[in-house]
Structures are given as C-alpha cells and as structure tokens.
Enquirer: 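This structure is in structure tokens; I'll ask about it shortly.
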Number of protein chains: 2
Amino acid sequence: MTDRSRRSDALNNRARIVEAARAIVDSTATLRLNAVAKAAGVGQGTLYRHFPTREALLIELYHSDVELLVTAAHDLLARYDADTALSKWFDLVAEYARIKRGVLAALQPTDAHTLTAGGAGSIGDAVTLMLSAGKAEGSIRDDIDARDVLLLLGFLSRLEGSDAVEGVTRGLSVLLDGLRTRS
Amino acid sequence: MTDRSRRSDALNNRARIVEAARAIVDSTATLRLNAVAKAAGVGQGTLYRHFPTREALLIELYHSDVELLVTAAHDLLARYDADTALSKWFDLVAEYARIKRGVLAALQPTDAHTLTAGGAGSIGDAVTLMLSAGKAEGSIRDDIDARDVLLLLGFLSRLEGSDAVEGVTRGLSVLLDGLRTRS
DNA sequence: ACCTGAACACCGTTCAAGT
DNA sequence: ACCTGAACACCGTTCAAGT
C-alpha cells in the first residue's frame with residue numbers, strides 16, 4: 001500500500017520531470033538540469049535518480065520522435081527505391097529540424113548508439129538499412145556508413161537564427177547529392 | 001622607461017599565455033581558461049585583459065594556420081579551375097584536421113566572421129571566392145554560400161577516436177560531391 | 001524505497017588591492 | 001598602466017538526513 005503510493009509518487013515525479021524538461025527545452029533551447037528539477041518541483045537528487053545522465057533525459061524527451069523517424073525509414077524503404085526513400089527521409093528530418101531543434105542533438109553519433117529506442121531499432125540501424133539498399137541498387141556510394149551520415153547531419157544542430165529554414169534545406173540537399181553515386 | 005618595461009611585461013605575458021594555451025589545447029583538446037592562466041603563470045585577470053573572450057584566444061592561437069588556409073585558397077584559385085581548387089583546398093583542410101584539431105573550431109561560422117585575420121581577408125571571403133568562381137564556370141551549384149560550407153565542415157570538429165582520419169576523407173568527399181553540379 | 005536540499009566541485013568572470 | 005588572486009556566479013553532482 002505505502003509501497004504502491006510510493007511508486008505512484010515516483011512515477012508522478014518522473015512524468016513531471018519530463019514535462020518540465022520538454023517545456024524548458026522547447027522554449028529556451030537550453031537544458032540546465034537544476035532548472036529542470038526546480039521547474040518540476042523536485043529535488044536535484046530525484047532528477048538524478050530517474051535520469052542518471054543528461055543524455056538519458058534527452059533520449060526520454062525525444063524517444064517518440066526518434067522512434068517515429070526510425071519507423072518512417074523502414075516504411076519509406078518498403079514503398080520506394082532507396083534513393084527516393086533517403087530523400088524523403090531527409091525531408092522528414094528537415095521538418096523535425098524546423099519544429100523540434102532538440103531532436104537533432106539526440107541524433108548525434110555520440111548519443112545515437114545509446115538510442116536503441118524501444119521498438120524499431122536504433123536510428124543508426126535505420127540509416128544503415130537505407131544506405132545498404134541504395135548501395136545495392138547502385139544509387140548510393142558504397143564507401144559511406146551510417147555514422148558518417150549522422151555526423152554530417154550534425155550541422156543541423158548548429159544552425160541558428162532566421163536563416164535556419166533555408167539553411168536546413170540547402171545543407172540537406174548538398175548531403176543528399178554527395179551521398180549519391182556520380183552518373 | 002618604466003612605461004617601456006611595463007609594455008615588455010605585458011607583451012611577455014601575452015606570449016606566455018598563447019604558448020601555454022597552445023600546449024594545453026594540443027595535448028588535451030580542451031581549453032579551460034583558468035588552467036591556461038595558471039600554466040602561463042599569470043592571474044586570471046591578466047588573461048582577460050589580453051583575451052576578453054575565449055574566441056579571441058582561439059583566433060590568436062590559430063591565426064597563422066587560418067591565414068595559411070586563406071592564402072592557399074587564393075593561390076589555388078589562381079592556378080586551377082574552381083572545382084580543382086576547391087578539391088585541393090579540402091585536402092588541405094583534411095590535413096589540418098589530422099594534425100591540428102583546434103583549427104577546426106576556429107573555422108566554425110560563429111567564430112568565422114570575427115576571423116578577419118591579418119592579411120588575406122577572412123576564411124569566409126576565401127570560400128566565397130572559390131564558390132563564385134565555381135558557379136561562374138558551372139561546376140559548383142549556385143544555391144550555396146560560404147556560410148553553408150563552413151557549417152557543413154563543422155562535422156570535422158566532432159570527429160573523435162581512431163577512425164578520425166578516414167572519417168575526414170569520407171566526409172569531405174561527400175561534401176565536395178554535394179557541392180558540385182549534377183552532370 | 002524514495003525524496004529533499006544543503007554542500008561540494010568546477011569553471012568562467014569580475015574587481016579591489018597591489019606594483 | 002598592468003598585474004594578482006580572492007571572490008562571486010553558475011551549474012552539475014553527491015550525499016546525509018528526512019518521510
């Protein structure tokens with residue numbers, strides 16, 4: 001009984017932390033852990049109990065978004081040739097870059113290997129699949145791996161200001177072209 | 001007289017700070033300002049007098065390297081067509097990525113506009129010149145500016161570990177291809 | 001078990017006091 | 001004028017004390 005109420009307290013705290021963190025990261029684009037704890041109305045220690053690292057919190061924040069990108073990669077690959085799938089997937093990433101800057105930080109290779117998400121596998125696996133399919137059909141150069149792609153995509157998280165929207169489009173366009181085989 | 005000795009003190013301090021910072025950044029790849037002051041044997045305030053921002057110190061550290069890259073861009077452009085010049089310039093950047101990781105941080109757009117260096121003009125100007133020439137000869141796509149290129153090059157500063165060398169080559173190859181017009 | 005928040009460590013930045 | 005280094009502010013992290 002007390003046991004159960006304790007658990008609901010903990011669950012409640014965890015939910016409040018995530019909610020507060022999401023609000024902060026969406027509005028300020030920075031994530032100060034103590035500020036998260038304060039906004040969530042919990043002690044700093046509680047934050048650490050639930051999320052031992054900043055990365056763990058980021059993953060939790062964007063888990064569903066990342067998973068969406070992962071499943072989208074699989075879906076696109078099932079419906080289109082690899083080149084088109086990759087192109088459309090980049091469009092999706094661009095969309096996320098526009099609305100949720102924070103997702104991009106979670107995509108970076110350092111974090112990515114931890115991002116084994118829940119269901120569909122990691123984002124690294126998804127990119128690997130698209131690249132493999134592209135290499136097989138001859139549309140994508142065969143000397144590049146998923147880690148390269150995620151690393152190159154990192155420019156998205158350094159975009160800032162009003163030119164961000166066009167910058168996303170231009171940068172992704174360059175990368176997509178660069179990943180293709182020369183005709 | 002005292003005036004002059006003061007000046008030599010100040011100059012000496014400045015040189016010691018730069019030397020200490022270079023040693024630290026080369027060995028540890030991190031730059032803690034208080035550590036620099038301590039290693040240089042000066043007070044923190046002295047560090048701030050000479051270099052009001054961390055960026056100012058980085059620029060000083062890599063001034064000659066950046067300037068070399070800038071003049072190299074002009075030289076290459078004078079001797080080759082734009083496409084070749086850009087390609088060879090990327091090779092040069094790759095070489096710097098291999099030996100001096102820190103230069104790359106100084107290339108990032110945020111810092112770049114301050115990097116008006118001494119002589120040849122900023123690195124942004126140099127890239128702009130190469131891009132313009134490439135657009136004129138039709139080898140480089142015309143919707144990309146220097147800021148885009150420098151931003152995309154940022155992946156270099158996030159490379160780490162043993163695969164860095166091949167990662168540099170692969171990433172730059174993708175970017176170069178992506179910047180070219182499709183045949 | 002879980003939580004709180006004081007306390008510590010660390011690093012950048014400022015400034016009063018020296019020469 | 002220039003320098004020193006104590007002091008402050010800030011933020012991440014830990015832990016003794018509570019319930």
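These values consider heavy atoms only, across backbone and side chains, with no hydrogens, waters or symmetry-generated copies. Throughout, protein chains are lettered first and strands after them, A, B, ... in sequence-line order, and every chain is numbered starting at 1.
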Enquirer: Under 4.0 Å between a side-chain N/O of B:His50 and OP1 or OP2 of D:dC2, yes or no?
Expert: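 No, no such contact exists.
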
Enquirer: When you match B:Arg14 and A:Pro52 each to their closest nucleotide on DNA chain D, which lands nearer the 5' end?
Expert: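 Counting from the 5' end, the first nearest nucleotide belongs to B:Arg14.
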
Enquirer: To the nearest angstrom, how far is A:Asp9 atom CG from C:dT4 atom C1'?
Expert: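 Between C1' of C:dT4 and CG of A:Asp9: 13 Å.
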
Enquirer: Have a look at B:Arg49 and say if it touches a base, only the backbone sugar-phosphate, or nothing, with a 4.0 Å heavy-atom cut-off.
Expert: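 Counting heavy atoms under 4.0 Å across all strands, the contact made by B:Arg49 includes a base.
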
Enquirer: Hey, what do you get for NZ (B:Lys135) to CD1 (B:Ile144), rounding to the nearest 0.5 Å?
Expert: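 With rounding to 0.5 Å, NZ (B:Lys135) is 8.0 Å from CD1 (B:Ile144).
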
Enquirer: Picking from A:Val18, A:Leu47, A:Thr46, what satisfies side-chain contact (heavy atoms from CB on, under 4.5 Å) with A:Asn13?
Expert: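 With A:Asn13 as partner, side-chain contact (heavy atoms from CB on, under 4.5 Å) holds for just one option, A:Thr46.
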
Enquirer: From C-beta outward on A:Tyr48, which listed nucleotide comes closest to its side chain: D:dT13, C:dC3, C:dT4?
Expert: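 Ranking D:dT13, C:dC3, C:dT4 by closest atom to the A:Tyr48 side chain puts D:dT13 first.
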
Enquirer: Whole angstroms only, please: what is the CZ-C1' distance between A:Arg32 and D:dC11?
Expert: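 Nearest whole value for this atom pair: 9 Å.
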
Enquirer: Could you measure the distance from the CG atom of A:Leu176 to the CH2 atom of A:Trp89? Nearest 0.5 Å is fine.
Expert: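 Those atoms lie 11.5 Å apart.
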
Enquirer: Got a salt bridge between A:Arg141 and A:Asp143, using NZ or NE/NH1/NH2 to carboxylate O under 4.0 Å?
Expert: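 Judged by the 4.0 Å cut-off on N to carboxylate O distance, A:Arg141 and A:Asp143 do form a salt bridge.
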
Enquirer: Write down the distance between CZ (A:Arg54) and P (D:dT13), rounded to a whole number of angstrom.
Expert: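 Distance check: A:Arg54 CZ to D:dT13 P gives 7 Å.
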
Enquirer: Let me know the distance between CG of B:Asn34 and C1' of C:dC10, rounded to the nearest Å.
Expert: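 So the CG-C1' distance, B:Asn34 to C:dC10, works out to 9 Å.
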
Enquirer: Take atom CD1 of A:Ile17 and atom P of C:dC2, then tell me their distance rounded to the nearest Å.
Expert: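 Computing the A:Ile17:CD1 to C:dC2:P distance gives 13 Å.
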
Enquirer: Hey, are the side chains of A:Val174 and B:Asp148 touching, using non-hydrogen atoms and a 4.5 Å cut-off?
Expert: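 A:Val174 does not reach B:Asp148 side chain to side chain.
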
Enquirer: OP1 or OP2 of C:dC3 less than 4.0 angstrom from a side-chain nitrogen or oxygen of A:Asn13, does that happen here?
Expert: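 Looking at the OP1 and OP2 atoms of C:dC3, one of them is under 4.0 Å from a side-chain N or O of A:Asn13.
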
Enquirer: Between B:Arg16 and A:Thr46, who's closer to the 5' end of DNA chain D by nearest nucleotide?
Expert: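 On the 5' side of the pair lies B:Arg16.
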
Enquirer: If pairing requires Watson-Crick or G-U wobble contacts with both distances under 3.5 Å, which nucleotide is the partner of C:dG18?
Expert: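 For C:dG18, the partner nucleotide comes out as D:dC2, under the 3.5 Å rule.
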
Enquirer: For the pair made of CD in A:Gln44 and P in D:dA17, what is the distance, rounded to whole Å?
Expert: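 That distance rounds to 17 Å.
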
Enquirer: Whole-Å distance between D:dG12 P and A:Glu55 CD?
Expert: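 Taking atom P of D:dG12 as the reference, CD of A:Glu55 is at 15 Å.
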
Enquirer: Whole angstrom is fine here: how far is it from NZ in A:Lys38 over to C1' in C:dC3?
Expert: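 It is 18 Å, rounded to the nearest whole Å.
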
Enquirer: Counting Watson-Crick and G-U wobble pairs only, both distances under 3.5 Å, name the nucleotide matched with C:dA7, or none.
Expert: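 The base-pairing partner of C:dA7, which may sit in any strand shown, is D:dT13.
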
Enquirer: Nearest to the side chain of B:Leu33 - C:dG12, D:dT4, C:dT4?
Expert: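 Looking only at heavy atoms from C-beta outward on B:Leu33, the closest nucleotide is C:dG12.
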
Enquirer: What's A:Leu31 touching, base or sugar-phosphate or nothing? Going by heavy atoms closer than 4.0 Å.
Expert: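 Sugar-phosphate, no base atom in range.
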
